[in-house]
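Chain A is the first sequence line, chain B the second, and so forth, proteins listed ahead of strands; every chain is numbered from 1. Values below: all heavy atoms of this structure, side chains included; hydrogens, waters and symmetry mates excluded.
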Amino acid sequence: MRANQNSKTLSADELKFEELLASGRKIEPRDWMPDDYRKTLIRQIGQHAHSEIIGMQPEGNWITRAPSLKRKAILMSKVQDEAGHGLYLYSAAETLEADRTDMLEKLNNGKMKYSSIFNYPTPCWADMGAIGWLVDGAAICNQVPLCRTSYGPYARAMVRICKEESFHQRQGYEIMLTLCRGSAEQKQMAQDALNRWWWPSIMMFGPRDDKSPNSELSLKWKIKLFSNDELRQKFVDIAVPQANILGLTVPDNDLSWNEETGHYTYGEPDWEEFFEVIQGNGPCNKERVSNRREAHENGQWVRDAAIAYAEKRAKISRPKTTQDPL
Amino acid sequence: MESKKDYPLWEVFIRSNRGIDHKHAGSLRAADAEMALQNARDLYTRRSEGVSIWVVPSNQIIASDPDDKEILFDPSKDKIYRHPTFYSLPDELEHM
Ligand SMILES: [Fe+2]
Ligand SMILES: [Fe+2]
């Protein structure tokens, strides 16, 4: 018999859950799980899904004004991928008995959050480069370990997502590279975009470990596998040499290579700004949510019509599909 | 008033290539079978991951209960003679 901190005896269900976690096997939808495990996952997966959907807006802003047909096609594919990522994740949340309509409503009325990064504006084409390189780059640092997260459907969604992210980052970096090899003005555009996106990207990993109260439980449950600061360090170590290749300067005066630790030392972001953005006071929070709400409301008649059509047709005859024998 | 009705849920199975079984890819929401197929194409085969798609209404899937695991699967555990390695045969017998 094992006992937890309250010296309460674990039930057979709890014991089995703990054993699955300890052995590194996945928890699947129909397994017993603690309420807080379920709630934490719904919150995290839901926020993650919302981030993918809202994340379409800053880049969607440039689809009609991309500098060439090639760039336009690439950007459309990327934004479409982000929609797909959102849908994989809503599906994963639904396996936890979360209601998709309910989650979307909570996004629309501000009761659920999404990543702070998408509340920054994209005034320049170079921002498409900086977002792909840095924002998708930071997302990759976060998401690769999540492929091994303890909840099966979340892990599988992350595997699918990670396969697609590499294209996102490479196309962004290529935009930056092209600008940096262009005229002095173009290189300056790239530098300005890096200046705009560096600190918000650093903040994407969330508060410092000593200010992140939820992290401990998530680590214990193997929902998260690395702490915010560990992931942030990893990102800085990867991104700084990439900036050097572009010939751009990372806007951090405290940045230096630490021979002893084998890592970069970096400065403290403006955490006040971070919490302001999280609270809904970033430069684009209102615009992002109201666009989302408007799109949802304007699409209501389409959804209603599709359902009415499906119901009517189901009454007339069985749906027509090709039979593919086993 | 906004209606809260959502499309029903569908499970998607994809055959990635000829000669391979359809494999569960994930789920999606769609009003009917036709839309489910269209959405499955857009959602799960953007990079030619498939040559054939099945969609099945999620509520049509009958799943075993995890609590029945022992009743269902334990009886086969002690039948080790079902595996070829159970039989020790002379070494000179090749390719068997
Ligand atoms: Fe994404
Ligand atoms: Fe992405």
Side-chain angles (χ1 to χ4, degrees), chain A residues 12-13 16 20 27-32 77-78 80-81 83-95 99-105 108 153 156-157 159-160 163-164 167 293 296-297 299-314 318-324 326, chain B residues 1-16 18-70 72:
Chain A
D13 282 339
K16 202 177 141 210
L20 280 174
I27 309 297
E28 292 295 343
R30 301 191 67 197
D31 290 332
W32 180 90
S77 291
K78 186 195 184 264
Q80 193 191 4
D81 274 356
H85 297 176
L87 294 175
Y88 304 152
L89 289 162
Y90 287 124
S91 294
E94 282 189 292
T95 65
D99 184 86
R100 190 184 303 219
T101 315
D102 181 57
M103 283 190 288
L104 285 170
E105 224 158 73
N108 291 348
R156 293 192 283 277
V159 168
R160 206 170 276 284
K163 275 189 198 154
E164 299 178 347
F167 142 61
R293 196 184 302 130
H296 185 74
E297 282 164 8
Q300 188 62 48
W301 71 271
V302 180
R303 293 190 295 278
D304 289 344
I307 288 174
Y309 176 71
E311 282 171 355
K312 191 173 160 192
R313 224 172 51 152
R318 295 174 52 120
K320 199 173 72 216
T321 46
T322 36
Q323 289 287 313
D324 192 344
L326 288 159
Chain B
M1 259 302 275
E2 199 176 284
S3 94
K4 277 215 28 160
K5 211 185 222 175
D6 201 353
Y7 296 155
L9 197 62
W10 301 74
E11 300 302 318
V12 179
F13 299 81
I14 310 259
R15 184 204 292 283
S16 59
R18 289 182 167 277
I20 294 174
D21 289 328
H22 284 75
K23 190 173 163 244
H24 187 235
S27 48
L28 52 77
R29 294 220 167 240
D32 57 23
E34 215 177 301
M35 189 194 276
L37 271 179
Q38 286 289 330
N39 289 359
R41 203 267 325 248
D42 288 347
L43 192 54
Y44 292 107
T45 64
R46 285 196 301 282
R47 289 174 177 79
S48 34
E49 291 94 336
V51 295
S52 161
I53 302 173
W54 289 348
V55 289
V56 182
S58 304
N59 61 12
Q60 296 294 305
I61 291 191
I62 319 293
S64 66
D65 189 326
D67 290 340
D68 291 343
K69 200 175 128 245
E70 278 103 62
L72 289 172

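Closest approach of R303(A) to Y7(B), counting heavy atoms only: CA-OH, 3.3 Å. The minimum heavy-atom distance linking A306(A) with M35(B) is given by the pair CB-CE, 3.8 Å. A310(A) and A31(B) get closest at one heavy-atom pair: CB-O, 3.3 Å.
Side-chain atoms of S91(A) come within 3.5 Å of backbone N or O of S27(B) as a donor-acceptor pair. For Y88(A) (side chain) and L43(B) (main-chain N/O), a donor-acceptor pair under 3.5 Å exists by modelled atom type.
When heavy atoms are compared at a cutoff of 4.5 Å, R160(A) approaches chain B solely by way of its side chain, counted from C-beta outward. Contact annotation for Y309(A): only side-chain heavy atoms (C-beta onward) come within less than 4.5 Å of a heavy atom of chain B. Both the backbone and the side chain of A25(B) come within less than 4.5 Å of a heavy atom of chain A. When heavy atoms are compared at a cutoff of 4.5 Å, E311(A) approaches chain B solely by way of its side chain, counted from C-beta outward.
For the atom pair CG (L104(A)) and CG (D6(B)), the distance works out to 8.0 Å, reported to the nearest 0.5 Å.
Between W32(A) and D67(B) the shortest side-chain heavy-atom distance does not fall below 4.5 Å.
For E94(A), the salt bridge (Lys or Arg N to Asp or Glu O under 4.0 Å) partners at least two apart in sequence or on another chain are R100(A), R29(B). For R46(B), the salt bridge (Lys or Arg N to Asp or Glu O under 4.0 Å) partners are D81(A), E164(A), not counting sequence neighbours.
Ionic pairing of K163(A) and E49(B) is not present here: no N-O contact between side-chain nitrogen and carboxylate oxygen is shorter than 4.0 angstrom.
In terms of heavy-atom pairs under 4.5 angstrom with chain B, the leader among T95(A), L87(A), I307(A) is I307(A).
For D21(B), the CG atom sits in a loose shell: 12 or fewer heavy atoms of surrounding residues, nucleotides or ligands are nearer than 6.0 Å.
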